[in-house]
Peer 1: 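So that we are looking at the same thing, I have put the structure below in structure tokens.
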Amino acid sequence: MISCYIRQNRSPEAVALYKRMAVEGVCPDDFTLSCVLKAFSDLGLVCDGKKAHGKAVVLGLEVSNVFVGSALVDMYAKLGQMRNAHLVVDRVVEKDVILFTTLVVGYVQNGEDCEAMKAFNQMIKEGVKANEYTFTSLLVSCGNLKHSCLGMLIHGFIIKCGHEFGVSPQTSLLTMYSKCGMVDDALKVFEHLVNPNLVTWTSLIVGLLQNGREEVALSKFCQMMRSSVLPNCFTMSGALVACSNLATLDQGKQIHTIILKLGLHLNKFIGAALIDFYGRCGCVELAKLVYDGLFARDLVLVNTMMYAYAQNGFEHKTLELFQQMNDLGLEPNDVTLVSVLLACDNAGLVDEGRRIFDSFFGYRNIRITKEHYACMVDIYGRAGRLQEAEALINQADNPDIVLWRTLLSACRLHGDITMAGRIFNKVIELSPKDEGSLVLSSNLYASKGDWNQVICVKSLMRENRLKKSPAMSWVIIGGEVHTFMAGNCSQPNFKEIDCIIKELMKKVKELGYVPATEFVLQNLNEKEKERSLYYHSEKLAIAFSLWKTSGKTSCIRIYKNLKVCGDCHAWIKLVTKVVGREIIARDTKRFHHFKDGVCSCKDYW
DNA sequence: ATAGGGTTAG
């Protein structure tokens, strides 16, 4: 009866029945114990579990019966008590492969990967042969430790032992390879599999995401949907992450539809992924809609919503949620601080940001990381308080290249060539091939007209074979991605685009637009500079979208791989007035929502 | 004749 309850996941009833045995004077035996122990770990009943362990000791079953021993090890592992689990293993007289595997699995699931390897070693030393279960679990640790050597060794074992077609070990292999960054090997493992199951497909999709292969991940997702395997929460959150990273709104909405059809929308992992996705696509309203539809308010959901607000120009909403956390009974964590600091950064709330930053040192369970320092440096830097930014970096222990580069970008923004020179030397010392820093310096000198220094930096880049990534904008229309690069007159439809730009130029000039030639960082005369601004990639993308979607009222979304330039920013604001449409631009760091001549960033970015 | 232990995903 107890075993039936366990098999049907009815642990409370199993425990109740077990307790009734004692009352009625029936003594449990090895079958009873090996079965019921699972219920204790399932319900987190540490005391009852230990009492049952005591009973096993009294009956002599702890050492003599490997079934009871394994069940005890599993129980302690699931309760997070690996010390007790290992002690039981050592006491069992006739150890077998399941006993050791349970121990290995326990260490793996408690994140103690090195201990898992040691347990495996102990097993081999005691002459117990591993089987596919053991390999399957051990491979997880190989992946976590990025120990591809051992992983490949186990791959060999698996082939030798004839488990080549077992789905679980193959899935673990696949995961191991993708965690070790060997995503092509992961794909190879997958191609050889005859019957991939749900876990296999999901592992593959997630593995591809972790290696920056979003497009392949999505095509595998479609392939899976066409096969007879039904996706679950794990799969769907993976598919959403792919769309988030690519910021492909339409595709993500399709995924959202599938989620609704499958009834998975109330799951909190899915919820968080949806909020994040809509946030990263610039749709705060939709993110909020998902958020409001979820009953459980856990920390991750609130953090995600806060981040969605912070990157979309609703900084006060982020701070509002931060205030509310206390009332919701939630303790902020390190991720909360990132969102709050980003909000302060985008809103220019320097002192507020510093006050909160300092207050987080008071929380004992939060680790202040370099990422937080980088946010704070950016807050000072963008506000022009460069001295304080530098002081803060010196306060961090072991400041890394990211912190210095952040300060350097502030120097560039505020034209502080003196400080930039000093920081530049530090950066070169730390990491001489940091492309970002070199580009920043080159642009700063160019903006000051110091062409000798520009040549200096550029030749340094050439020596190191570094190339500035060219500015690019793209739009997605009807599921197709259209990419634009500045000044490219030879692209398809250039005539139509040019025509629209000229028309727009005339109208925005009437509204007071003056080409801001100081944003052109090439050594050209005024006329040439103006022409160069004319064909910036964001302008081409917007003109193209207007041409392709003329007559429609929906907003235009453009994406950029760099920050929007100051001239284009002013230009786009006026264009929204001229055409009466909303334009949303995503750059590397945040969104700009342009509407009726103003931008959500309030011109601070 | 009837009962018991361990795998893979965010």
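Throughout, protein chains are lettered first and strands after them, A, B, ... in sequence-line order, and every chain is numbered starting at 1. We use all heavy atoms of the structure for the numbers below, so side chains are in, but hydrogens, waters and symmetry mates are not.
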Peer 1: Measuring to OP1 and OP2 of B/dT7, would you say a side-chain N or O of A/Thr101 lies under 4.0 angstrom away?
Peer 2: no
Peer 1: Do A/Asp184 and A/Arg213 pass the salt bridge (Lys or Arg N to Asp or Glu O under 4.0 Å) test, and can you show the C-alpha distance, the side-chain angles, and the key distance before you say yes or no?
Peer 2: CA-CA 11 Å; A/Asp184 291 310; A/Arg213 305 270 188 101; 3.4 Å; yes
Peer 1: From C-beta outward on A/Lys38, which listed nucleotide comes closest to its side chain: B/dT7, B/dG10, B/dG6?
Peer 2: B/dG6
Peer 1: Is it true that, when you exclude A/Phe361 itself, more than 12 heavy atoms of the residues, nucleotides or ligands shown sit nearer than 6.0 Å to its CZ?
Peer 2: yes
Peer 1: So what does A/Val199 touch, heavy atoms closer than 4.0 Å: a base, only the sugar-phosphate, or nothing?
Peer 2: base
Peer 1: Rounded to the Å, how far apart are A/Leu139 CG and B/dT8 P?
Peer 2: 11 Å
Peer 1: Within the 4.0 Å heavy-atom criterion, would you say A/Leu99 contacts the bases, only the backbone, or no part of the nucleic acid?
Peer 2: base
Peer 1: Is a donor-acceptor contact shorter than 3.5 angstrom present between the side chain of A/Ser137 and the base of B/dT7?
Peer 2: no
Peer 1: Is any NZ, NE, NH1 or NH2 atom of the basic residue among A/Glu191 and A/Lys220 found under 4.0 Å from an Asp or Glu carboxylate oxygen of the other?
Peer 2: yes
Peer 1: On the side chain of A/Ser168, is there an atom forming a donor-acceptor pair with the base of B/dT7 - under 3.5 Å, no angle test?
Peer 2: yes
Peer 1: With the six-membered base ring of B/dG5 as reference, does the ring of A/Phe67 sit under 5.5 Å away with planes under 30° apart?
Peer 2: no
Peer 1: Please determine whether a side-chain nitrogen of the Lys or Arg among A/Asp292 and A/Lys288 lies less than 4.0 Å from a carboxylate oxygen of the Asp or Glu.
Peer 2: yes
Peer 1: Could you tell me whether A/Val66 contacts a base, only the sugar-phosphate backbone, or nothing, with contacts defined as non-hydrogen atoms closer than 4.0 Å?
Peer 2: base
Peer 1: Can you check the A/Asn267 CG to B/dG10 P distance for me, whole Å?
Peer 2: 14 Å
Peer 1: If you go through the side-chain atoms of A/Asp96, does one of them form a donor-acceptor pair with the base of B/dG5 closer than 3.5 Å?
Peer 2: yes
Peer 1: Under 4.0 Å between any heavy atoms, over every strand shown, what does A/Lys268 touch: base, sugar-phosphate, or nothing? Just pick one.
Peer 2: nothing
Peer 1: What's the CZ-P distance between A/Phe234 and B/dT8, to the nearest Å?
Peer 2: 11 Å
Peer 1: If you compare every side-chain N and O of A/Arg7 against the phosphate oxygens of B/dA3 (OP1, OP2), does one of them come in below 4.0 Å?
Peer 2: no
Peer 1: Answer with yes or no whether A/Asp74 presents, from its side chain, a donor or acceptor under 3.5 Å of a partner atom in the base of B/dG5.
Peer 2: no
Peer 1: Tell me whether the side-chain N/O atoms of A/Gln210 come closer than 4.0 Å to OP1 or OP2 in B/dG10.
Peer 2: yes
Peer 1: May I ask you to say what A/Thr202 touches in the nucleic acid, namely base, sugar-phosphate or nothing, with a heavy-atom cut-off under 4.0 Å?
Peer 2: base
Peer 1: Salt bridge (Lys or Arg N to Asp or Glu O under 4.0 Å) for A/Arg590 and A/Asp345? Distances and angles first, verdict last.
Peer 2: CA-CA 11 Å; A/Arg590 61 170 298 157; A/Asp345 197 4; over 6 Å; no
